Amino acid sequence: CGVFGIYAPEQDVAKLTYFGLYALQHRGQESAGIATFEGPHVHQHKDMGLVSQVFNEAILDELPGNLAVGHTRYSTTGSSRKVNAQPAVVETRLGLLALAHNGNLVNTVKLREELLKDKFNLITTTDSEMIAYAIAQEVNAGADWVTGAISAFHRCEGAFSLTIGTPEGVMGVRDPHGIRPLVIGTLDSQPLRYVLASETCGLDIIGAEYLRDVAPGELVWITETGLESFQWHQKSERKLCIFEMIYFARPDSLMHDETLYSYRMRLGRKMAAESPVEADLVFGVPDSGIPAAIGFSQASGIAYGEGLIKNRYVGRTFIQPTQAMRESGIKMKLNPLKDVLFSKRVVIIDDSIVRGTTSRKLVQALRDAGVAEVHMRISSPPVTHPCFYGIDTDTQDQLIAATKSVEEIAKQLQVDSLAYLSWEGMLETTREDTNSFCSACFTGDYPVAIPEKMKRSKLI
Ligand code: 5GP
Ligand code: SF4
Ligand code: MG
């Protein structure tokens, strides 16, 4: 999911939130929502669909306020329905709160029990709404916004990057492992006003300047008087999702003072060093494989070109393709450049293989286009374990690398050679402490313990 938050009474906060969400669209395409606070009054609009489909000028004009939070949803827990669209708005003793969540809690069974004691009406099924109710429970018991929220966060386990609107101000929060990203930006204004976004691309689009990340286990409280920081969890240990770096976040977003484009290009260089191959042409699977393909080309000296063209306007189509179209599968989205590929030995680069279904179809399409050899290089290690922290990978039995060796996968995909980047190579390339990442989908080493029942729902 993508989350956004802003405190700026002088500005059209709904419109700025709209554009922030527009830049974060890649983080979730299922639903979108904005809630604004005009003193104690909340105005909100949320619906299924893309940000550009859910909002228009007239709707944004109905969302006045001093502050706003927004959300784009990618469903992990909870079904894909309008009631699950966020921000979740909940009533408390101190007024309404609106919460936008990126991540996934793992202790929802226990949390639900605690909340039901207070007869909260848990109409929807999301873990995100439970966080909002947990805050309400603490506030209703007498706490103020910040101490109430902190008590509630201590009851949450898993991944949560949050933006929360209240009548007084906006909160930005990360779980003690900082699994999902969240950044702070400033608007060029007097007085200084602050913005929160999942990624820096959400700041760039509105001309906000990147200040810093919200730290793991930190809460920032942004009000009329500025920004206050609370380290709400004392034993924080950063475990940023490495998948954010290799695939999920936008290539123009900054992490560790460089764009992910640059990081992904270095992954490609590393791959060329680890698993060289003789070939005539290297290209990436658009768009996620392209930066690594450029790096691979630079380091190997093999010419870079395009081998596949992506229809940039493919979104979700609700019209079912014909049977014949379905058999040709992938061509709706990616079309091979036949004359470029014909009789060439090609290296095709992708960021990851999950089920292997896309990759299998792509290789077939390349064969149909008359390539001489197909060598596949993947800029991350084999995905062997499902994610419980908010990236919707399949159950373990659906993951091709969970049950098959690299050799067997190569055979199934019908490539002439296949190599994955090593786990060490991927982590070293970050230039950060290799312990500061979650990479459980490659190792099964989950930084936040998963309750047995939840484990059994996804693991073989
Ligand atoms: P596969 O060959 O496993 O069917 O598809 C691999 C492709 O899926 C890669 O290009 C990668 O960018 C993309 N991918 C990786 N992780 C995810 C994910 O969590 N969700 C979706 N929808 N695609 C992913
Ligand atoms: Fe990211 Fe994988 Fe960890 Fe999930 S399990 S948070 S996708 S690294
Ligand atoms: Mg891809």
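Excluded from the calculations below are hydrogen atoms, water molecules and symmetry mates; all remaining heavy atoms, backbone and side chain alike, are included. Whatever order the structure lists them in is the order used to number ligands and atoms, beginning at 1. This is a predicted model, so every value here is computed, not measured.
Both the backbone and the side chain of Cys441 come within contact range of ligand 2, each with a heavy atom under 4.0 Å. For Ser288, every heavy-atom contact with ligand 1 shorter than 4.0 Å involves the side chain, none the backbone. Only the side chain of Phe243 comes within contact range of ligand 1, with a heavy atom under 4.0 Å; no backbone atom does. Contacts with ligand 2 closer than 4.0 Å are made by no heavy atom of Met245, backbone or side chain.
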- request: Check the pair Arg264, Asp351 against salt bridge (Lys or Arg N to Asp or Glu O under 4.0 Å), reporting the backbone distance first and the verdict last.
  value: CA-CA 9 Å; Arg264 290 168 191 172; Asp351 61 275; over 6 Å; no

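For a threshold of 3.5 Å applied to N or O pairs, the pair formed by Val354 and ligand 1 contains at least one separation below that value.
The atoms of ligand 1 that sit less than 4.0 Å from any heavy atom of Thr357 are 1 (P), 2 (O), 4 (O). Atoms of ligand 1 lying under 4.0 Å from any heavy atom of Asp351, numbered from 1 in the order shown and given with element: 9 (C), 10 (O), 11 (C), 12 (O). Counting the atoms of ligand 2 from 1 in the order shown, those under 4.0 Å from a heavy atom of Ser439 are 8 (S). For ligand 2, the atoms closer than 4.0 angstrom to any heavy atom of Tyr389 are 6 (S). Short contacts between ligand 1 and Ile353, defined as distances under 4.0 Å to a heavy atom of the residue, involve ligand atoms 3 (O). Using a 4.0 Å cut-off to heavy atoms of Thr358, the atoms of ligand 1 that qualify are 1 (P), 2 (O), 4 (O), 5 (O). Heavy-atom proximity to Ile391, at under 4.0 Å, picks out these atoms of ligand 1: 19 (O).
At a threshold of 4.0 Å, the pair Glu129-Arg112 does not count as salt-bridged, since none of the basic side-chain nitrogens sits closer than that to a carboxylate oxygen.
Ligand 2 lies out of reach of Lys239, whose nearest heavy atom is not under 4.0 Å from it.
From the protein, the heavy atom lying nearest to atom 8 (S) of ligand 2 is Cys438 O, 3.0 Å. Closest to atom 6 (S) of ligand 2, if we only count protein heavy atoms, is Arg180 NH2, 3.3 Å. Ranking protein heavy atoms by distance to atom 1 (Fe) of ligand 2, first place goes to Cys241 SG, 2.2 Å.
Counting non-hydrogen atoms of neighbouring residues, nucleotides and ligands closer than 6.0 angstrom, the CD atom of Glu258 exceeds 12 such neighbours.
Looking only at distances, no side-chain donor or acceptor of Ser288 sits under 3.5 Å from a matching main-chain atom of Tyr247. A donor-acceptor distance shorter than 3.5 angstrom exists from the side chain of Gln25 to the backbone of Gly28, with no hydrogens or angles considered. Side-chain N or O atoms of Thr259 include one that pairs as donor or acceptor with a backbone N or O of Ser262 at under 3.5 Å. In this structure a side-chain-to-backbone donor-acceptor pair under 3.5 Å is present from Asn107 to Arg155. Side-chain atoms of Lys46 come within 3.5 Å of backbone N or O of Pro87 as a donor-acceptor pair.
Taking backbone and side chain together, Cys387 holds no N, O or S atom under 2.8 Å from atom 3 (Fe) of ligand 2.
Taking the six-membered ring where tryptophan is involved, the planes of Phe160 and Phe153 are tilted, since the angle between them lies from 30° to 60°.
Annotation for Ile59 and Asn56: closest pair N-OD1, 2.8 Å, computed over non-hydrogen atoms.
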